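Since we're looking at a predicted model, the values are computed, not measured.
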Amino acid sequence: MNNAQLGFAAQKPQSVSQIPASAEEFKVASRPVVSYSGTQQNELLAALPRPDLENLFEHLELVPLPFGKELFEFGSKLEYVYFPTTAIVSLLYVMEDGATTEIAVVGHEGAVGVSLFMGERATCSAVVQSAGYGYRLKTQFLRDAFNKGGALPQLLMRYTNALFAQMAQNAVGGRHSSIEQKLCRWLLDRLDRSASNELKVTQELISIMLGVRRESITAAAGKLQDEGLIQYRRGNITVLNRQGLEDYAGECYKVAKSEYDRLLLDVARA
């Protein structure tokens, strides 16, 4: 992946007179320059009018998001909001006994850790599930930009509605869907946020995210493979028939997906 794909803008070599005089100046100068083309990899940032987006450039920071990195945990202060570009982040609810259930997933279509109130605490944990990159912004700057009005407040409120729809459908599906339907929906959620039809994931991880036994995931994956919908090799799932997965997943996936599609359509018309 080249610098342009990562959102790095080309920088000219510094002359001796341009060398920062202090450690703080060096830290600022050594940060990758945020480019307009790079920010377009996140659909929320891309939906902002260019002047509104460029007002955020000074405070946006492109950061690597490695697999397993915890962006925040339940009850912690939300210091940053993240706009993933190539990374995928799971929002998790962790029980006192350590049991984990995924309540939503966020990729290039959204944001993680939006906090519009001073001192707001996280109501879930956020963990990077697929390594990649994203832009982060201090929540204070987000609040300041939100309070100035413009397109950002409306966009964030629309996105929040779509995220709530995903959480609601996950809750309903968790109670009323079969294991095969849950697995199909889980795979489709990642597929929507991935660049290819191949997902690097273990059955153990899927079982943890869905809150079911690993043996149940093994059986469900075997059934989907027998029906020609996926091909599973250790640590890798290839989707062979996306439409078949959507049909199998049923109402819960389609309702949540339609909310995100409507969000982007409304923004495009605005």
*Given side chains that start at C-beta, do those of Leu187 and Ile237 come closer than 4.5 Å, heavy atoms only?*
yes
*Roughly how far, to the nearest 0.5 Å, is the OG atom of Ser216 from the CG atom of Leu210?*
10.5 Å
_With a 4.5 Å cut-off on side-chain heavy-atom distances among I, L, V, M, F, W and Y, is there a chain of contacts connecting Phe74 to Met167?_
no
_Give me the atom names and distance for the closest heavy-atom approach of Glu102 to Trp186._
OE1-NE1, 3.3 Å
*Taking Asp52 for the side chain and Leu48 for the main chain, is one N or O donor matched with an acceptor at less than 3.5 Å?*
no
*Would you confirm whether Gln225, through its side chain, and Tyr232, through its main-chain N or O, come within 3.5 Å as a donor-acceptor pair?*
yes
_Path from Leu191 to Val106 over hydrophobic side-chain contacts below 4.5 Å_ = no
*Spacing of CD belonging to Gln129 relative to CZ belonging to Arg193, to within rounding of 0.5 Å*: 10.5 Å
*Side chains of Ser76 and Glu70: does their closest heavy-atom pair fall under 4.5 Å?*
no
*Is the closest side-chain heavy-atom distance between Leu65 and Leu71 below 4.5 Å?*
yes
_Leu224 with Leu240, same ILVMFWY side-chain cluster at under 4.5 Å_ = no
*Of Tyr80, Phe141, Phe83, Tyr135, which is the lone residue that meets ring pair (Phe, Tyr, Trp, His ring centres under 6.0 Å) with His59?*
Phe141
_Taking the six-membered ring of Tyr36 as reference, does the cationic atom of Arg50 (NZ for Lys, CZ for Arg) lie under 6.0 Å from its centre and within 45° of its axis?_
yes
*Do Ser196 side-chain atoms and Glu198 backbone N/O form a donor-acceptor pair below 3.5 Å?*
yes
*Before accepting this row, confirm whether a basic side-chain N of the pair Arg213/Glu215 lies closer than 4.0 Å to the acidic partner's carboxylate O.*
yes
_Restricting to non-hydrogen atoms, name the atom on Ala111 and the atom on Val81 that form the minimum distance, rounded to 0.1 Å._
CB-CG2, 4.1 Å
*Determine, stepwise, if the pair Cys124 / Leu92 fulfils side chain to side chain contact (heavy atoms under 4.5 Å, CB included).*
CA-CA 6 Å; Cys124 64; Leu92 309 171; over 6 Å; no
_Between CD on residue Glu227 and NZ on residue Lys223, distance to nearest 0.5 Å_ = 6.0 Å
*Glu73 versus Ala122, closest heavy-atom pair with distance*: O-CB, 3.4 Å
*Shortest non-hydrogen separation from Val112 to Ala126 and the atoms involved*: CG1-CB, 3.8 Å
*Got a second to check how far Gln40's CD is from Thr85's OG1, nearest 0.5 Å?*
12.0 Å
*Compare all side-chain heavy atoms of Pro84 with those of His108 and state whether any distance is below 4.5 angstrom.*
no
*With rounding to the nearest 0.5 Å, note down the distance linking CD1 in Ile88 to CZ in Phe67.*
11.5 Å
*Within the side chain of Ser207, is there an N or O that forms a donor-acceptor pair under 3.5 Å with the backbone of Ile217?*
no
*Are side-chain heavy atoms of Phe72 and Glu79 found at a separation under 4.5 Å?*
no
*With distance as the sole test, does Thr139 use its side chain to make a donor-acceptor pair with the main-chain N or O of Leu78 at under 3.5 Å?*
yes
*Tell me, do Tyr253 and Asp192 make a side-chain contact under 4.5 Å, heavy atoms counted?*
yes
*Would you say Phe146 has more than 12 foreign heavy atoms packed within less than 6.0 Å of its CZ?*
yes
*For the residue pair Gln203 and Arg234, confirm or rule out a side-chain donor-acceptor distance under 3.5 Å.*
no
*Which value, rounded to the nearest 0.5 Å, describes the distance between Asn55 atom CG and Lys148 atom NZ?*
6.5 Å
*Verdict with supporting geometry, Leu62 and Val34, side chain to side chain contact (heavy atoms under 4.5 Å, CB included)*: CA-CA 7 Å; Leu62 180 64; Val34 175; 5.6 Å; no
*Under a 4.5 Å cut-off applied to non-hydrogen side-chain atoms, are Thr86 and Gln41 in contact?*
yes
*Step by step, would you call Thr238 with Ile230 a side chain to side chain contact (heavy atoms under 4.5 Å, CB included)?*
CA-CA 6 Å; Thr238 302; Ile230 65 172; over 6 Å; no
_Under a 3.5 Å distance rule, please check whether Gln166 uses its side chain to pair with a backbone N or O of Val105 as donor and acceptor._
yes
_With clusters defined by side-chain heavy atoms of hydrophobic residues (ILVMFWY) lying less than 4.5 Å apart, directly or transitively, does Phe57 cluster with Leu137?_
yes
*Check whether Phe164 and Val89 end up in the same hydrophobic cluster, where Ile, Leu, Val, Met, Phe, Trp and Tyr are linked by side-chain heavy atoms less than 4.5 Å apart.*
yes
_Over all atoms of both residues, closest heavy-atom pair of Asn42 and Gly107_ = ND2-O, 4.3 Å
*Looking only at heavy atoms, what is the nearest atom pair of Asn241 and Gly228, with distance?*
CB-O, 3.9 Å
*Given the rule in the side chain to side chain contact (heavy atoms under 4.5 Å, CB included) test, do Leu205 and Met209 qualify, once you have shown the distances and angles that lead to the verdict?*
CA-CA 6 Å; Leu205 178 61; Met209 294 296 101; 4.1 Å; yes
_Within-4.5 Å side-chain heavy-atom neighbours: Val212 and Ile206_ = no
